[in-house]
Amino acid sequence: RDILGYPTYDVSLTLIDDDYMRDVNAETRGVDASTDVLSFCFSDDFVEPGVLGEVPLHGRYIGDYYCLGEMLISVDYVRRRCVEDRKAADDDDERKGRTGSEMV
């Protein structure tokens with residue numbers, strides 16, 4: 001947070017499964033499918049990307065902290081993509097005739 005210049009601002013991160021992600025995606029975007037990440041901003045007070053305007057004194061405060069939004073990550077989806085990406089990389093290495101020991 002200090003790196004971004006907003007040391008007292010937070011983002012909520014929730015790890016969920018495909019079924020829940022599909023429900024949220026259908027409800028919020030009209031897409032009846034899972035996805036890797038959905039994010040929801042809790043404020044409209046952005047001057048430009050990365051620059052937050054005046055923070056209201058009501059709403060999302062918890063003590064001295066202000067929650068900027070929520071991110072949902074489907075663990076099932078991410079796991080599946082990792083397996084698919086690893087297989088694709090291995091297949092590419094096979095096509096090029098490389099082995100694991102040559103790539104180190």
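Between D32 and A26, the closest heavy-atom pair is CA-CB, 4.2 Å. Among all heavy-atom pairs drawn from M21 and L38, the shortest one is SD-CD1, 3.5 Å. The nearest pair of heavy atoms linking S39 to M71 is CB-CG, 4.1 Å. Considering every non-hydrogen atom in both L72 and F40, the closest pair reads CD1-CE1, 3.9 Å.
Side chains of V83 and R86 form no contact here, defined as non-hydrogen atoms less than 4.5 Å apart.
In the displayed structure, R80 atom CZ is contacted under 6.0 Å by more than 12 heavy atoms of other residues, nucleotides or ligands.
Qualifying salt bridge (charged side-chain N to carboxylate O under 4.0 Å, His left out) partners for D76, counting only residues two or more places apart in sequence or in other chains: none.
Under the 4.5 Å side-chain contact rule for hydrophobic residues, V11 and V78 share a cluster.
The distance from the OG1 atom of T28 to the CG atom of D23 is 10.5 Å, given to the nearest 0.5 Å.
Ion pairing between K87 and E84 fails under the 4.0 Å rule for side-chain N and carboxylate O.
Exactly one of I16, V37, D17, D36 qualifies for a side chain to side chain contact (heavy atoms under 4.5 Å, CB included) with Y77. That residue is D36.
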